[in-house]
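To keep things clear, I will list the structure first and then write my remarks on it.
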2 protein chains.
Amino acid sequence: MGLSPSLHDAIRVRLAESDQRYTRLRRVLVETLAASARPLTMPEILEAASELPQSSAYRNVTALIEAGVVRRIAGPEDHGLFELAEEFSGHHHHLVCAACGKVEDVAPSDRLERALGEAVRALGDAQGYQVTEHRVELLGLCPDCTAT
Amino acid sequence: MGLSPSLHDAIRVRLAESDQRYTRLRRVLVETLAASARPLTMPEILEAASELPQSSAYRNVTALIEAGVVRRIAGPEDHGLFELAEEFSGHHHHLVCAACGKVEDVAPSDRLERALGEAVRALGDAQGYQVTEHRVELLGLCPDCTAT
DNA sequence: TTCCATAATGAGAGTGATTATCATTCCTTC
DNA sequence: GAAGGAATGATAATCACTCTCATTATGGAA
Ligand SMILES: [Mn+2]
Ligand SMILES: [Mn+2]
Ligand SMILES: [Zn+2]
Ligand SMILES: [Zn+2]
């Protein structure tokens, strides 16, 4: 199991660029995030990797974010969700259930990406922004909540 | 200054549906949010409407959210941003500055909305979601941060 | 291999946004 | 103009998250 060795190498290099080491705890964090098809909350991370003390988990996830390995997105509730940066997981968007709050990954279609790429630059330009990235959230009812 | 009377009426009706009153403090909240071209943090709301006690502001903004008058979006930092629900402010998206964290509203183009409407349903279907709403965030550098 | 500088660790305290309490006050309705 | 329920606001509590600091682990230099 686990990420491909080349990905670990790339992460190690990325960390080294800011004089950070790729320690065992950081590998545990990366593996935990990589194993999930959806972004995880910190309580979920702490439960999945029970050897991780809270303070170390927060400190290391911050280090990984600063190195560009992890990104934090904002969940429907107040607290944050963590996932691998798109460079290591691929570009994708999120489905959010309006009823239960579940968030999961969804692969974008070429068609959507093409449309976004053009329209997005135009919108940003209109307000003087240099847009470098887009994020799309789709809200709706998940299969479970639709059934209910 | 102030929303159109018809909007206030609509908000009053919406609140009444859940046995909530449209009080002076709630009107202050609505006016404050309506006067802004961007979603506001709670500290910003409290500063703009200094007569609002913190506990009342949180309680009332929650009441307005439950009534569908206000929505809370998650800012780039951990805390929430509040704005009028799209029913009362119109559909729009957000520009987020990757450097300073500023968030502002941006009107969507017809072209973008058309592309999203089609592609989004397809993506949701693929994972069994009934998608009812989409949110787009454009990340980039704001004019101020581009200049620096 | 040994030493050293520095990064990483982890328990605990602290911060700040948000939420719960509850006695008091305000509205609505009869 | 009461009565009942909703709203208010000061206060305390909660919870995600950050900071502190003494200890430990790491990796390169000698
Ligand atoms: Mn994701
Ligand atoms: Mn907005
Ligand atoms: Zn659901
Ligand atoms: Zn900026």
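Per chain, numbering begins at 1; letters A, B, ... match sequence-line order.
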query = So which of residues 59-76 of chain A are in contact with DNA chain D, with a heavy-atom cut-off of under 4.0 Å?
reply = A:Arg72

remark   = What residues 49-58 of chain A contributes to the DNA chain D interface at heavy-atom separation below 4.0 Å is A:Gln54, A:Ser55, A:Tyr58

Write down the protein N/O and nucleotide N/O pairs, taken from nucleotides 2-4 of chain D, whose separation is under 3.5 Å; answer none if there are no such pairs.
none

message = Between B:Arg111 and B:Glu113, does any NZ, NE, NH1 or NH2 come within less than 4.0 Å of an OD or OE carboxylate oxygen?
response = no

query = With sequence neighbours excluded, what pairs up with B:Gln130 under the side-chain contact (heavy atoms from CB on, under 4.5 Å) test?
reply = A:Leu141, A:Thr146

Distance-only donor-acceptor hits, side chain of residues 48-56 of chain A, under 3.5 Å, sequence neighbours excluded:
from	atom 1	to	atom 2	distance (Å)
A:Glu51	OE1	A:Arg24	NH1	2.6

ask   = With sequence neighbours excluded, what pairs up with A:His91 under the ring pair (Phe, Tyr, Trp, His ring centres under 6.0 Å) test?
value = A:His93, A:His134

Ring pair (Phe, Tyr, Trp, His ring centres under 6.0 Å) partners for A:Phe88, two or more places apart = none

note = Axis-to-axis angle across the helix from C:dT1-D:dA30 to C:dC30-D:dG1, five pairs each end, nearest 10 degrees, ~ 30°

request  = Keeping the roles fixed (side chain from B:His92, backbone from B:Gly90), state whether a donor-acceptor pair exists under 3.5 Å.
outcome  = yes

By salt bridge (Lys or Arg N to Asp or Glu O under 4.0 Å) - contacts of B:Asp105 (at least two apart) = none

key: Non-neighbouring partners of A:Glu86 that pass salt bridge (Lys or Arg N to Asp or Glu O under 4.0 Å), sequence neighbours left out   = A:Arg71

key: Check: B:His94 and B:Arg38 side chains under 4.5 Å, non-hydrogen atoms   = no

query = Which ILVMFWY residues can you reach from A:Val131 by hopping between side chains whose heavy atoms are under 4.5 Å apart?
reply = A:Leu95, A:Val106, A:Leu112, A:Leu116, A:Val120, A:Leu123, A:Tyr129, A:Val136, A:Leu138, B:Leu95, B:Val106, B:Leu112, B:Leu116, B:Val120, B:Leu123, B:Tyr129, B:Val131, B:Val136, B:Leu138

request  = Using chain A heavy atoms and a threshold of under 4.0 Å, write down where along DNA chain C the contacts begin and end, 5' to 3'.
outcome  = C:dT6 to C:dG12

task = Check whether B:Ile73 and A:Val103 end up in the same hydrophobic cluster, where Ile, Leu, Val, Met, Phe, Trp and Tyr are linked by side-chain heavy atoms less than 4.5 Å apart.
result = no

